[in-house]
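In listed order, ligands and their atoms are each counted from 1. Reckoned from all heavy atoms, side chains included, excluding hydrogens, waters and symmetry mates.
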Amino acid sequence: MSENANDRMDKLTALCKRRGFIFQSSEIYGGIGGFWDYGPLGVELKRNVKNAWWEDIVRRRDDIVGLDCSIIMNPKVWEASGHVVNFNDPLVDCKKCKARFRADKVFTVIAADQNGVVLQAGVQADSAEQAREAASAAANSKTRRKLEHAADRIEWTVFRADQRPEGQVCLCPNDGAELTDARKFNMMFKTFVGAMEDSSSVAYLRPETAQGIFANYKNVLDTSRIKLPFGIAQIGKSFRNEINPRNYTFRSREFEQMEIEFFCHPDAADEWYVYWRDARYQWWIDHGLTSSKLTLRNHEPDELAHYAKACADVEYEFPFGVSELEGVANRTDFDLKAHQEHSGRDMTYFDDQTKERFIPYVIEPSGGIDRGVLAFLCEAYAEDEAPDDKGKMQSRTVMKFHPRLAPIKLAVFPLVKKEGMPEIARRIYQDAQATGMTAFYDEKGAVGRRYRRQDEAGTPFCVTVDGQTLEDQTVTIRDRDSLAQDRIPADKVVPYVRERLG
Ligand code: GAP
């Protein structure tokens, strides 16, 4: 990560803690790697992301229905899906410090000139390019000078720990010692169901919500009178025992997914794949992610999962690098076929118009809610200037969330705590609450400081009740981003805000 990006991430994580967006899980005991808690503002933001998705995907469409499955399922589900055998990450251990890394995320970087090795290091990175940059940046100043001066004579060798060339040694990012060969590590969390703790009672915490949908596909079909093409949507927790949880909440061990399994005729699958790929990409833009930071990356044929015919990732340019937010895959009939074979249940669909019986293909848009929240936080973070109580410009930190996602929609302030202003302000606040709008009432401190607190929370509108309100029942309403202040009738505040929520 560049110094600037590092700095931006540090400022964002500090704000998230200070203002109650995100806390480290069990922090009072030193925390636990890969687990995070959402504070009062964070939980509202996260809920708004889930609600926006659910509204757009389930409630406003008539070809998708919702589902909420258990996290622990019969372990045969995970045998059929291939997770027991295939859900592995390659890992390597340091022979000296015993640290463990994902082999596909550890690179050994060697730079040599005609006189021999100039630099040799192990680094954690997402690509060879990133690894080379990180190793150069971490080198001492003498080595960096050498690399710069002899740039055209330097020969670089960069390889991943799971792609070690014959005769090379992989190096530990912590202490430079040798790493072991890569071996497989199953990422599903195991537990036991019932009183016996033996192999007959082993169960898994689901690593994706998708399999619950496949296991219920027939139940939904038989009970909802829905016809192909149709989708089943689910939001829920998933668990993966990630070897290296990192980049804040980006790679966690417990996270939430929002997944759609969209069932269609095999002949229509290519068309639906393109539809969903483009629709999901657009959804992120519509909710405030800048299109210049979002990319839709089609997988190369050698990248495709064994069950996928096509796959594209919606990727976002986080401060720590470009990474996946959501994947859209054409999973073919792989999952339904596998469950038909393992369970013995018929997974075919009968089309009563064409009299055709077949196993549907599935298009799967699968997004991460925590990654979405992190992207919205990164996108929203801004530093600019706003006038203080005396009209002097001061620097401010502001979270420019899309109004639909903002944790608090409206803050209401009486200018002073007397002359009937608190009563009027409270009435506006209660009116907003009564319509289900998240609102905040604040009567403490200078009004400029109250604005600043709401800017950091990302509140799009602040209303102030002042002396003029007592005369003509109007209030000022301030826009978080433009800082423009409109004067509107006090009884029009709620519809004014509602109209602008998007
Ligand atoms: N059912 C398909 C599936 O689970 P995936 O690409 O493994 O596909 C889908 O996961 C999404 O879930 C990812 O795009 C990402 O947003 C989120 N996700 C996956 N692993 C995650 C992790 N360790 N922490 C946070 N989010 C994760």
Side-chain angles (χ1 to χ4, degrees), residues 22 25 33-36 38 46 49-50 53 67 69 71 73 77-78 80-83 86-89 102 104-105 126 185-189 204-215 217 231-262 273 276-277 280-281 283-284 289 294-297 299 303-308 310-316 318 320 322-332 334-336 338-339 362-378:
I22 298 175
S25 165
F35 297 90
W36 298 93
Y38 288 84
K46 193 174 183 188
V49 173
K50 292 193 269 189
W53 185 88
L67 191 69
C69 306
I71 285 169
M73 302 172 73
V77 167
W78 307 110
S81 68
H83 282 81
N86 294 323
F87 198 56
N88 300 310
D89 260 355
R102 244 176 84 168
D104 56 344
K105 298 286 175 192
D126 290 322
F185 169 76
N186 192 292
M187 291 204 294
M188 281 198 294
F189 277 100
Y204 303 96
L205 305 194
R206 69 179 176 203
E208 61 171 17
T209 66
Q211 296 305 323
I213 298 180
F214 295 126
Y217 149 79
I232 305 178
Q234 172 162 225
I235 288 179
K237 291 263 187 183
S238 291
F239 300 81
R240 297 183 189 177
N241 199 359
E242 298 281 358
I243 300 163
N244 292 127
R246 68 193 179 112
N247 288 333
Y248 203 22
T249 57
F250 180 83
R251 182 169 296 121
S252 304
R253 291 180 165 133
E254 175 178 342
F255 54 96
E256 271 184 282
Q257 290 183 307
M258 42 193 192
E259 297 199 292
I260 309 166
E261 305 304 326
F262 195 84
Y273 166 72
W276 279 113
R277 189 194 62 184
R280 292 304 305 147
Y281 174 70
W283 190 86
W284 293 102
L289 298 189
L294 267 186
T295 36
L296 195 52
R297 191 181 66 79
H299 281 209
E303 257 185 287
L304 291 175
H306 58 286
Y307 53 75
C311 188
D313 287 343
V314 180
E315 295 182 331
Y316 180 69
F318 290 94
F320 46 79
V322 175
S323 289
E324 177 189 338
L325 262 188
E326 174 160 4
V328 181
N330 177 348
R331 292 183 75 121
T332 68
F334 176 87
D335 302 272
L336 289 182
H339 286 300
V362 174
I363 308 303
E364 177 194 66
S366 169
I369 292 161
D370 306 79
R371 280 191 193 176
V373 168
L374 184 58
F376 289 126
L377 283 166
C378 291

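- Looking at residues two or more places apart in sequence or on another chain, you find a salt bridge (charged side-chain N to carboxylate O under 4.0 Å, His left out) between R297 and E303, D313, E315.
- Between F250 and F320, the ring-plane angle classifies as perpendicular under the 30° and 60° cut-offs.
- A side-chain donor from one of S366 and E259 sits under 3.5 Å from a side-chain acceptor of the other.
- Between Y316 and F318, the two ring planes are perpendicular [angle over 60°; tilted spans 30° to 60°].
- Aromatic ring pairs are classed by plane angle as parallel below 30°, tilted from 30° to 60° and perpendicular above 60°; the pair F334 and Y307 is tilted.
- Formation of a donor-acceptor pair under 3.5 Å by the W36 side chain with backbone atoms of Y248 is found in this model.
- Residues of the protein with a heavy atom under 4.0 Å from ligand 1 are E208, A210, R240, E242, F250, R251, S252, F255, Q257, E259, E324, L325, E326, G327, R331, E364, S366, G367, G368, R371, listed by chain and number.
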